[in-house]
Amino acid sequence: MLQEEAYIMYLRKSRMDTDFDEVSVEETLNRHKSILQEFSERKGLIIAKVLEEVVSGESLYARPKMLKLLDLANTKQYAGVVCMDIERLSRGSSLESGYIMQVFQVNHFKIVTPAKIYDLQNESDEQFTDMKFMFSRYELKSITTRLVRGRNISASEGKFMGSMSPYGYKIYKLVGEKGNSLQIVPEEAEVVRMIYGWYIAGDGYNTIAHRLNDMHIPCKTGHHWVQHSVNAILNNEVYLGKIRWKHEPTKRVMANGQMVKKRELNKDYLLFEGRHEAIITQEQWDRVREVQRSKQTPSVRRGRTLANPFANILVCEKCGYAIKRNTPSATQLKTRTFRPWYRCSTKGCECMISYCDVLESKIVEAMRDWWKNISLTITSEPDEPSEAQRQLLVMKKQIQVLQDQQNKICSLLEKGIYTEEMFIKRNTVLADEIRALRNSIEEVTKICDNKSELDRAKELFLPATLRVLDYYEDLTAEEKNRLWKLLMKKITYFRDPTDPNKIEIRLYPKLGRFLDR
């Protein structure tokens, strides 16, 4: 049974602080743990749980142990948290640090550090904690700026900055200086040369992948080779001895009222001469580019029309790759009667083939069932608030927290605790976060309050879909394909070899958001 005086020890270290040196990170965590254990024994504190993680303090939602700490604080079974310093708790936005302070304050949850014990019920401790969070955010920005500058310089010097080596290479530590480079793995390098040679000779991505799988050559990830893995090798300048930089930069975007990181392809990425040895020649690289350009303008056969109604929308539930439509050859038609069939494009996948007419009828049947369910859902009023409405309430409360903080810094300015410069910086950060939250609230409000989309679904989408399904058999394959792409994000299919009579169909409708209302 946990007693009221029980505490939780929280340890966090960012790789950012130690230039991605995993050994240094672990050593630092262990050293902090020993210090806090000795401190707790000296003060007579009971440590009921120890939570530790190696992650940046920039984002609260990317820190599972910190989220668990907040959940434990809400249970009111613990007296507080023991940590090295307040900066270990948060270096993120004032919204997140304000939320952490609010949870601690409501639950009378103390912050115990070797330097000081913070009781947020005390006004001076609350103000001091708020200031410490603010300074830690500025420190994080400074560290991030220095880190980015250093990584840019290292990339320009030809050092490898990735965390996973590309196929054909292994990462090694440069001697006598900071940073890493790449060393050729002879067996894998030979595979890379074969891939380039096969592609130049006329083989496609899928053919090359099947050939490598038939030769039982393992892929970098440990899975079987697929078109994407072959394509990645044929389009990576690292095999020319180059370093590709800012090819997929991370950007921050607002999603559902939260700041999240997202990777996006950048066509204007940078190339530097690498420290590593090239696997292929410039001539091979140029020949691959020529072959790719020649395939970008495919020959168009006269009179050819789309025959697959599920082109670019039907995928395998098992492996996630496209389901292809196959037709019998002229030789097969001479010997016996064949019907077109669907198959998974991944060689070795357990998903069995199905005749096109059988699978299409199953999908249409599933679509009719979905139409019935969504029509009932849309015409009925929800008893509970939707997810969007709950998000709206949370964001409004978060704005109130930020506005309260703005009032506090005005008071701190009047009392002389904040200088005018500190006040301006702090107020600017809060104003920016309030503005971002209000923009997110506007987006979510459209989902909650704008009934025009719902009315349009009732009056136009549902009746039109029903009429299309009624006349489905009269449509051409191209018209059917346009219909499916209009209604569905994707459709997944799987036929288990252990139970061939069972065909699993899953629909992912574009109007699925109405089901959450």
Side-chain angles (χ1 to χ4, degrees), residues 15 19-24 151 153-248 263 265 269-295 319 321 345-349:
R15 293 186 180 90
D19 198 22
F20 295 90
D21 189 342
E22 199 72 39
V23 177
S24 299
R151 288 173 63 81
I153 293 172
S154 295
S156 67
E157 293 174 348
K159 299 175 183 177
F160 182 73
M161 305 305 299
S163 57
M164 179 180 291
S165 60
Y167 187 87
Y169 291 101
K170 65 179 180 181
I171 300 175
Y172 77 96
K173 180 76 173 63
L174 289 170
V175 180
E177 58 179 317
K178 286 186 176 181
N180 300 325
S181 188
L182 297 172
Q183 187 175 13
I184 288 180
V185 178
E187 300 81 7
E188 294 182 0
E190 189 58 37
V191 175
V192 172
R193 296 186 187 100
M194 287 192 301
I195 290 173
Y196 273 79
W198 289 336
Y199 189 78
I200 292 171
D203 289 343
Y205 300 146
N206 202 35
T207 302
I208 294 174
H210 287 170
R211 185 177 294 184
L212 293 171
N213 290 328
D214 290 340
M215 295 169 67
H216 303 288
I217 296 175
C219 189
K220 189 74 175 180
T221 59
H223 299 93
H224 56 270
W225 290 84
V226 292
Q227 299 178 33
H228 173 73
S229 48
V230 174
N231 178 51
I233 288 177
L234 291 170
N235 290 280
N236 194 344
E237 291 90 346
V238 71
Y239 300 107
L240 270 177
K242 309 281 187 181
I243 290 296
R244 187 167 61 181
W245 187 236
K246 296 185 178 180
H247 181 251
E248 289 183 86
R263 285 191 174 273
L265 286 175
Y269 58 88
L270 303 175
L271 278 179
F272 301 107
E273 287 295 329
R275 300 279 191 95
H276 60 282
E277 183 182 351
I279 291 180
I280 62 165
T281 64
Q282 184 67 48
E283 182 182 358
Q284 288 174 303
W285 176 266
D286 293 338
R287 285 287 295 120
V288 167
R289 306 282 81 73
E290 290 176 9
V291 174
Q292 287 178 336
R293 283 192 293 271
S294 67
K295 291 184 177 182
C319 66
Y321 283 89
S345 58
T346 302
K347 190 172 183 179
C349 181

>> Under the rule for salt bridge (Lys or Arg N to Asp or Glu O under 4.0 Å), what residues qualify as partners of Glu177, not counting sequence neighbours?
In response: Lys159, Arg275
>> Are the side chains of Val226 and Val230 in contact, using a 4.5 Å heavy-atom criterion?
In response: no
> Sequence neighbours excluded, which residues qualify as side-chain hydrogen bond (donor to acceptor under 3.5 Å, both in side chains) partners of Trp245?
Replying inline: Asn152
>> Looking at every non-hydrogen atom in both residues, tell me the closest pair between Val191 and Leu212 and how far apart they are.
In response: CG1-CD2, 3.9 Å
> In chain order, what residues pass the side-chain hydrogen bond (donor to acceptor under 3.5 Å, both in side chains) check against Gln227, with sequence neighbours excluded?
Replying inline: Asn206
> Tell me, which pairs form a salt bridge (Lys or Arg N to Asp or Glu O under 4.0 Å) where one or both residues lie in residues 228-244, sequence neighbours left out?
Replying inline: Glu237-Arg244, Lys242-Glu273
> With Tyr196, which residues qualify under ring-ring contact (aromatic ring centres under 6.0 Å, His included), at least two apart?
Replying inline: none
> What pairs with Tyr269 under ring-ring contact (aromatic ring centres under 6.0 Å, His included), at least two apart in sequence or on another chain?
Replying inline: His247
> Can any side-chain N or O of Tyr239 pair as donor or acceptor with the backbone N or O of Tyr167 at less than 3.5 Å?
Replying inline: yes
> Of the non-hydrogen atoms in Ile171 and Ser163, which two are nearest, and what is the gap between them?
Replying inline: CD1-O, 4.0 Å
> Listed by chain and number, what are the side-chain hydrogen bond (donor to acceptor under 3.5 Å, both in side chains) partners of Gln183, not counting sequence neighbours?
Replying inline: none
>> If you compare all heavy atoms of Ile243 against all heavy atoms of Ala155, which two are closest, and at what distance to 0.1 Å?
In response: CG2-O, 4.2 Å
> Do you know which two heavy atoms are closest between Cys219 and Ser229, and how far apart they sit?
Replying inline: SG-CB, 4.2 Å
>> Testing the basics here: between Pro186 and Ile184, what is the closest heavy-atom pair and its distance to 0.1 Å?
In response: CD-O, 3.5 Å
>> Go through it in stages, so that I can follow the logic: the residues are Tyr199 and Gln292, the test is side-chain contact (heavy atoms from CB on, under 4.5 Å), and I'd like the CA-CA distance, side-chain angles, deciding distance and then a yes or no.
In response: CA-CA 9 Å; Tyr199 189 78; Gln292 287 178 336; 3.2 Å; yes
> What residues form a salt bridge (Lys or Arg N to Asp or Glu O under 4.0 Å) with Glu190, not counting sequence neighbours?
Replying inline: Arg193
> Can you tell me if Asn213 uses its side chain to pair, donor with acceptor, with the backbone of Trp225 under 3.5 Å?
Replying inline: yes
>> Looking at every non-hydrogen atom in both residues, tell me the closest pair between Ser181 and Leu174 and how far apart they are.
In response: CB-CD2, 3.7 Å
> Can you list every ring pair (Phe, Tyr, Trp, His ring centres under 6.0 Å) pair that touches residues 274-293, not counting sequence neighbours?
Replying inline: Tyr169-His276
> Got a second to check how far Ile195's CD1 is from Asn231's CG, nearest 0.5 Å?
Replying inline: 11.0 Å
>> According to side-chain hydrogen bond (donor to acceptor under 3.5 Å, both in side chains), who are the partners of Gln282, at least two apart in sequence or on a separate chain?
In response: Asp286
> With Met215, which residues qualify under side-chain contact (heavy atoms from CB on, under 4.5 Å), at least two apart?
Replying inline: Met194, Trp198, Arg211, Ile217
> Under the side-chain contact (heavy atoms from CB on, under 4.5 Å) test, which residues partner Thr281, sequence neighbours left out?
Replying inline: Glu283, Gln284
> Is the count of non-hydrogen atoms from other residues, nucleotides or ligands lying under 6.0 Å from Lys173 atom NZ greater than 12?
Replying inline: yes
